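Data first, discussion second: the structure below is written as C-alpha cells.
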Amino acid sequence: MVSRRLGLLLFPLLLQAEQSFEAYKKLQESHFKNEKVKFIDFKKQEDAAFKRYLAQEREAILKYKKKVKAFWPTTDLEDAKKHVIYSQDLRTKSLIDYEKNEVSVSRIDSTRQVSKQQLLHTLKQTLSLNNKKAYEKNALEQDIHKLAKDENYIQDGKIDDQPLLSDSFSAQKLNADQITYSQKGDVHTIRYKLPGNSTFKRSYNYLVAAKSNAQRFKLKAQWLLAIMHSESSFNPMARSHIPAYGLMQIVPRTAGIDSYRFLYNKRRLLSASYLYNTQNNIEIGSAYFHILYYKYLSSIQDPTSRLYCAIAGYNTGAGNVARAFVGTNSVQSAAELINTMSPEQVYDYLLRNLRHEEPKHYLKRVRARSTQYKEIYQL
C-alpha cells in the first residue's frame with residue numbers, strides 16, 4: 001500500500017522530468033539545426049568571397065596584360081620561372097629569367113636616345129631587388145593587393161625582404177664579359193648572364209627555412225629544396241597561369257586552403273602577398289607535402305614508394321597518382337597494388353602511367369635534385 005502511494009506521489013515528478021527532458025532534447029536539436037544552418041551560410045559566404053576574389057584577380061591580370069601588349073609582344077606575367085617589372089609608362093621591361101640564368105633590361109624609344117649607361121643603371125637596380133621592393137614596383141600586384149584588403153575571408157600578408165637573387169651575387173661587381181647590348185628597331189636591350197651556379201647559390205637563401213620546416217613536418221630538407229628548385233627555380237615572386245604563387249607554387253584554392261586549415265583550423269583563401277612572403281610560402285608548401293605524405297597517401301607502406309607518390313601528387317594531385325595505378329581516384333585501391341611493388345618499380349610505373357608528361361618530368365627532376373641537395377648541404 002505504501003509503495004503504491006509512493007508511486008502515485010512520484011508519478012507527477014517523473015512525468016515532469018520526462019517532459020523537461022523532451023523539452024531539453026528539442027532545444028538541443030533546434031540549437032544543432034541553427035548551428036548547422038549558420039555553418040552552411042558561413043561556408044557559402046566564404047565560397048562566394050573566394051570566387052569573387054579569384055574572378056576579380058583574373059580580370060585585373062587580363063586588363064594589365066592588355067595594356068602591356070600595346071607595347072610588347074609577350075608579357076611574361078604568368079611564368080613561374082621569370083620575374084618581370086614594367087616601368088610606369090610600360091616602355092621599360094626588366095626581366096629576371098631564373099631558368100636561363102639571365103637578367104635583361106629593354107627600353108622602347110623611337111628617338112634612339114637610350115644610352116647603355118641608362119640601361120646599365122636599371123640592370124644594377126634589378127640585380128639588387130628584394131621581395132619587398134619588387135612587389136612595390138609591380139603595378140599589377142598593387143592592384144591585386146587592393147582586392148584582397150576588401151575581402152573578409154582572404155588571408156593577406158606582408159612581403160618580406162628576401163633578395164630575388166643571392167646576397168653574394170647582388171653585392172659583387174658586374175662581369176663586363178657577361179654583358180651584351182643589342183638594338184632591334186626601337187627596342188634597346190642590355191643582357192647579363194648570371195654565373196652557372198646561381199640557382200644553387202639562391203637555394204642557400206632558403207636552407208634554414210627548409211631545415212626548420214622539414215623538422216616541424218617530419219620531412220627531409222632536401223625534398224623541400226628540390227621542390228622549390230623544380231617549381232620556381234627559387235623565384236620568390238613566382239606567379240604561374242594556374243595561378244600558383246611563390247617558391248613552392250601554392251595554388252590558393254586547393255593546397256592553400258587545405259594547408260592553412262591544417263595549420264590554423266581556419267578556412268581561408270591565401271592572397272598573392274601572403275604567398276610571396278617566403279616564410280609563409282615554405283610553411284604552407286611543407287604543410288601540404290606533409291598532408292600528402294602522412295594523410296592522403298598514408299596507406300602506402302614503404303616510405304620511399306610513398307615519397308615518389310607524394311612528389312608526383314604535389315604536382316598533379318593524389319587522385320591522379322591513384323589513377324595511374326588503378327584507373328580511379330581511389331588511393332586505398334592504388335595502395336593495395338603499390339604495396340606489392342618495390343620502390344623502384346613504383347617509380348618506373350609512375351613514369352610510364354601518369355596521365356600527363358609534366359608530372360613525369362617533375363618526378364624525375366625532384367628525385368635527382370633531392371640527391372644533389374643532400375650532397376651539397378650534407379643533409
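Bear in mind that the values here come from a model prediction, so they are computed numbers and not experimental data.
The 12-atom threshold is exceeded at CD of Q142, counting heavy atoms of other residues, nucleotides or ligands nearer than 6.0 Å. No more than 12 heavy atoms of other residues, nucleotides or ligands shown are found within 6.0 angstrom of OH on Y204. Residue-environment remark: CD (Q215) stays at or below the threshold of 12 foreign heavy atoms within 6.0 Å.
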List the steps and the verdict of side-chain contact (heavy atoms from CB on, under 4.5 Å) for M237 and L164. CA-CA 8 Å; M237 293 289 291; L164 296 191; 3.9 Å; yes

Is there a side-chain contact (heavy atoms from CB on, under 4.5 Å) between I85 and L129 once you walk through the steps? CA-CA 11 Å; I85 299 173; L129 280 175; 3.2 Å; yes

Between F217 and F289, does the ring-ring contact (aromatic ring centres under 6.0 Å, His included) criterion hold? Intermediate values first, please. CA-CA 9 Å; F217 295 109; F289 200 83; over 10 Å; no

Salt bridge (charged side-chain N to carboxylate O under 4.0 Å, His left out) assessment of D89 paired with R107: CA-CA 11 Å; D89 66 1; R107 173 74 184 173; 3.2 Å; yes

After noting the C-alpha distance and the side-chain angles of Y153 and K266, does the key distance pass the side-chain contact (heavy atoms from CB on, under 4.5 Å) rule? CA-CA 10 Å; Y153 304 108; K266 291 180 181 178; over 6 Å; no

Given the rule in the side-chain contact (heavy atoms from CB on, under 4.5 Å) test, do N205 and T278 qualify, once you have shown the distances and angles that lead to the verdict? CA-CA 10 Å; N205 294 342; T278 57; over 6 Å; no

When you look at R267 and D47, which way does the salt bridge (charged side-chain N to carboxylate O under 4.0 Å, His left out) test go after all the steps? CA-CA 10 Å; R267 192 169 175 267; D47 288 337; 2.7 Å; yes

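Of the candidates K81, E231, Q249, Q249 is the only one forming a side chain to side chain donor-acceptor pair (under 3.5 Å) with S240. With R323 as the fixed residue, the side chain to side chain donor-acceptor pair (under 3.5 Å) test singles out one of T328, N329, T316: N329.
Judged by distance alone, with hydrogens and angles left aside, the side-chain atoms of S115 form a donor-acceptor pair with the main-chain N or O of Q118 at under 3.5 Å. At least one donor-acceptor pair under 3.5 Å links the side chain of N235 to the backbone N or O of A80. With hydrogens and angles disregarded, no donor-acceptor distance shorter than 3.5 Å links the side chain of D97 to the backbone of S104. Between the side chain of Q183 and the main chain of G185, a donor-acceptor pair closer than 3.5 Å is present. Side-chain atoms of N315 never come within 3.5 Å of backbone atoms of Y362 as a donor-acceptor pair (strictly under, hydrogens ignored). Here the side chain of W72 pairs no donor or acceptor atom with the backbone of T92 at under 3.5 angstrom. The backbone N or O of R202 sits nowhere less than 3.5 Å from a side-chain atom of S166 that would complete a donor-acceptor pair.
Residues satisfying the ring pair (Phe, Tyr, Trp, His ring centres under 6.0 Å) test with Y64, not counting sequence neighbours, are none. For Y181, there are no ring pair (Phe, Tyr, Trp, His ring centres under 6.0 Å) partners two or more places apart in sequence or in a different chain. Under the ring pair (Phe, Tyr, Trp, His ring centres under 6.0 Å) criterion, F325 pairs with Y349, not counting sequence neighbours.
With respect to the salt-bridge test (charged N to carboxylate O, under 4.0 angstrom), the residues R268 and E46 qualify. Between E283 and R216, at least one side-chain nitrogen of the basic residue sits less than 4.0 Å from a carboxylate oxygen of the acidic one, meeting the salt-bridge criterion. Ion pairing between a basic and an acidic side chain is recognised when a charged N comes within 4.0 Å of a carboxylate O; K133 and E136 show no such pairing.
Pairs of residues two or more places apart, or lying in two chains, never qualify as salt bridge (charged side-chain N to carboxylate O under 4.0 Å, His left out) while including a residue from residues 285-301. Sorted by first and then second residue, the salt bridge (charged side-chain N to carboxylate O under 4.0 Å, His left out) pairs with a member in residues 56-70 read E57-R239, R58-E78, K65-E78; sequence neighbours excluded. For residues 152-162, the set of pairs meeting the salt bridge (charged side-chain N to carboxylate O under 4.0 Å, His left out) definition, not counting sequence neighbours, is empty.
Note: Y274 and Y260 have perpendicular aromatic rings, judged against thresholds of 30 and 60 degrees for the angle between ring planes.
In this structure, a donor-acceptor pair under 3.5 Å is absent between the side chains of Y264 and Q155. Judged by distance alone, the side chains of Y192 and T180 never bring a donor and an acceptor atom under 3.5 Å apart.
Rounded to the nearest 0.5 Å, atoms OG1 (T75) and CG (L90) are 11.5 Å apart.
The cationic atom of R367 (NZ for Lys, CZ for Arg) lies less than 6.0 Å from the six-membered ring centre of Y347 and within 45° of the ring axis. Figure legend: cation-pi geometry between K218 and Y294, with NZ or CZ positioned under 6.0 Å from the six-membered ring centre and within 45° of its axis. For R306 and Y293, the positive end sits near the middle of the six-membered ring, less than 6.0 Å away and at most 45° from its axis.
For the residue pair H145 and S273, the shortest heavy atom distance occurs at ND1-OG, 3.8 Å. Taking each heavy atom of S330 and A322 in turn, the nearest pair found is O-CB, 3.6 Å.
Put simply, the side chain of K184 does not reach to within 4.5 Å of the side chain of T189, judged on heavy atoms. Side-chain contact between L120 and L174 is present, with heavy atoms from C-beta onward closer than 4.5 Å.
Residues Y98 and F234 place their aromatic rings such that the two centres sit no closer than 6.0 Å.
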